[in-house]
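The structure appears below as structure tokens.
No experiment lies behind these values; they were computed from the predicted model shown. All values below were derived from every heavy atom in this structure, side-chain atoms included, with hydrogens, water molecules and symmetry-related copies excluded.
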Amino acid sequence: MPASPSAAEPVTDMVAQADTMLCADRQFGDSAAIGERNLARFRLGLTMLARHDGEAADVLRTTAAATDEHLRPLLYDPVLRNCFEVDLARLESGRLGHSSFGAYVSGYVPTPAADPLSSTGPCEALIRPHRSAWPGLGDAWVLTEPTPHGRSQEKLAGRLMDLYRGALGDSRAAPPVDPAESVRAVLREGAELLATLLPAAGAGVLGHVTMVGFTHRESEEGPLQSMSGGDPLPSTVLLAPERCTSPWLAAESLLHEGAHLKLFDALRTGSVVRNATERVPIPWRIGSWTVIRVFVALHFYVHLLVFRAAAASAGEAVRERFGPPPSVEDLDEPSPGTPAAHSGQYRTSAERARYLAECVLSLPEQALTEHGHRFARWLLTALRLVDDEAPQPQDRAEATTRRAEPWQPQENPSEGVLQRITPVDACALPGLGQLVVSPTRSARMHWLNARSWTVYSLCDGRDLGSVRTAYARAVDLPADSEEVNRQVSDSVRRLVAADLITHDM
């Protein structure tokens, strides 16, 4: 278990700080900001698809123009989200052909007169009777075998069940279990317990779950306990019914899989690693993990340790309502033959979180993006609040921009003009200080922060010196300052590399 906080800082205060911190980061923790970015990506992606599929162009553009309230049920529908991600991957690789999203969304395009408060997602409409997973805490619903009506619903139901079986890795898997009322009651209590213990982070992850299914699956690794869908079955949590034998077990399962879904949504609009194939040895597992998998696991373990610290300090009202929390952490045995199996180490969540944190801190600075360094600092700071023995986070991202040697101007000559590429498709998020933009001749989205967005807006035929002067005026810094030179030069170099601007001599 995590080391006890110091006597000077009561455990409840530390847990409350950690809970708040896990939702404070605008890129990775704030669910509202994550949702806003994903809706922008959805709109822009549909617009890009419409340019490359004339047959589905009208329905794609109509969908992209819908209000946020009408778009959300489509974005977080398991089948439509899967189709959208498949289409974008094919578009980027030059293999789109016809949009599968366009084929499945026909008949579900919201009209201006539609009531957003009563709208449901296409897959949700297949399930009768409709059962809310946790009323009052989110819009998630319980999956049972679909009962489609009409050709379009039959097609949709077939795709949903194909994705369900694909996520389980078994083309012959049995349909989802229709849970008993007692199982659904404990699921609901687990969600309520999670939101009670962690009002920010716990309630937040529930909002990233659209569909909850119950199933049985046996594999070489043993029976399925829980899983999140990811790309194969987006916005979905699958549970063994046995995970709902107590609210505490259900709450921990929902936190585990909900945290994965939240991170899945966050990483769609901000990468954290530069080399997706770089690997790290894991002493309790055979083989190694990619760096991104290390981040995913660390993200979950930090949430889990905060949850267990909250459980340990739960008051009488919580214990009376939900029962006493488990007294001892379940130990997870390492894979046979691994170093951990021989040494007896890395059996607890705290040990594993510390090891993964050390792995992140030992990575070369260039292994992580700017988002990656920020992500690491954020997670490790939250971890330290509930585990005094966890590694100390390092502010390496700032160190990479403030080098010891004097700053030297980049090779961006002041002669010539800087000009934005046209035409482009773009979606602005002024509240987040971001612009997502894609040249129409490209199949790539580029996310600009407030700094790059400002520089981008000034590239209208001016030379670099004029852009620096205008940028300095916009951000209220001296025009000849080193910081202005650095910010403009870095932004120009990235914008040129992204093929968003030209620098013609």
Let me confirm one number: the CH2-SG distance from Trp447 to Cys427, rounded to the nearest 0.5 Å.
7.5 Å
If you round to the nearest 0.5 Å, how far is CZ of Arg374 from CG of Leu368?
14.0 Å
Kindly give the heavy-atom pair with the smallest separation between [X] and [Y], and that separation in Å.
X	Y	value
Leu74	Leu80	O-CB, 3.5 Å
Leu194	Val205	CD2-CG2, 4.0 Å
His299	His303	O-ND1, 2.8 Å
His371	Gly270	CD2-CA, 3.8 Å
Ala201	Asp19	N-OD1, 2.7 Å
Thr120	Ala125	OG1-CB, 4.2 Å

I need the single residue from Asn82, Asp53, Asp87 that forms a side chain to side chain donor-acceptor pair (under 3.5 Å) with Ser100. Which is it?
Asp87
Fit a plane to each ring of Tyr346 and Tyr355, take the angle between them on a 0 to 90° scale, and name the class: parallel (under 30°), tilted (30 to 60°) or perpendicular (over 60°).
perpendicular
Over 60° means perpendicular and under 30° means parallel, so classify the ring planes of His256 and Phe300, tilted if in between.
parallel
What I'd like to find out is whether the side chain of [X] reaches to under 4.5 Å of the side chain of [Y], using heavy atoms alone.
X	Y	result
Cys83	Arg159	yes
Leu143	Leu160	yes
Val280	Val360	no
Val79	Pro122	no
Asp77	Glu124	no
Pro73	Tyr108	no
Cys244	Phe214	yes
Val436	Arg41	no

Stepwise, does the side-chain contact (heavy atoms from CB on, under 4.5 Å) test hold for Phe84 with Leu49?
CA-CA 9 Å; Phe84 176 72; Leu49 293 172; 4.3 Å; yes
Just by modelled atom types, is the [Y] backbone N or O under 3.5 Å from a matching donor or acceptor in the [X] side chain?
X	Y	result
Arg90	Arg95	no
Thr236	Pro234	yes
Arg217	Ala173	no
Trp141	Cys123	no
Gln434	Leu429	no
Arg347	Ala340	yes
Arg172	Arg165	no
Thr210	Tyr76	yes
Asp265	Asn38	no
Arg279	Ser288	yes

So Trp248 and Leu197, side-chain contact (heavy atoms from CB on, under 4.5 Å) or not? Walk me through it.
CA-CA 11 Å; Trp248 292 94; Leu197 284 180; 3.5 Å; yes
Between [Y] and [X], does any NZ, NE, NH1 or NH2 come within less than 4.0 Å of an OD or OE carboxylate oxygen?
X	Y	answer
Glu358	Arg354	no
Asp332	Arg352	yes
Arg274	Glu365	no
Arg308	Glu252	yes
Arg37	Asp30	no
Asp387	Arg384	no
Glu154	Arg151	no

Just checking Arg285: does its CZ atom have more than 12 heavy atoms from other residues, nucleotides or ligands closer to it than 6.0 angstrom?
yes
Is atom CG of Asp139 surrounded by more than 12 heavy atoms (other residues, nucleotides or ligands) closer than 6.0 Å?
no
Would you please test Glu36 and Leu432 for side-chain contact (heavy atoms from CB on, under 4.5 Å) and show each step?
CA-CA 9 Å; Glu36 186 177 349; Leu432 299 178; 3.9 Å; yes
Between Asp178 and Thr144, does any side-chain donor sit less than 3.5 Å from a side-chain acceptor?
no
Between Arg243 and Ser253: side-chain donor-acceptor atoms closer than 3.5 Å:
yes
Checking side-chain contact (heavy atoms from CB on, under 4.5 Å) for the pair Leu356/Ile282: CA distance, chi angles, key distance, verdict?
CA-CA 9 Å; Leu356 296 173; Ile282 302 299; 4.0 Å; yes
Among Trp378, Phe375, Tyr301, which one satisfies ring pair (Phe, Tyr, Trp, His ring centres under 6.0 Å) with Phe295?
Phe375
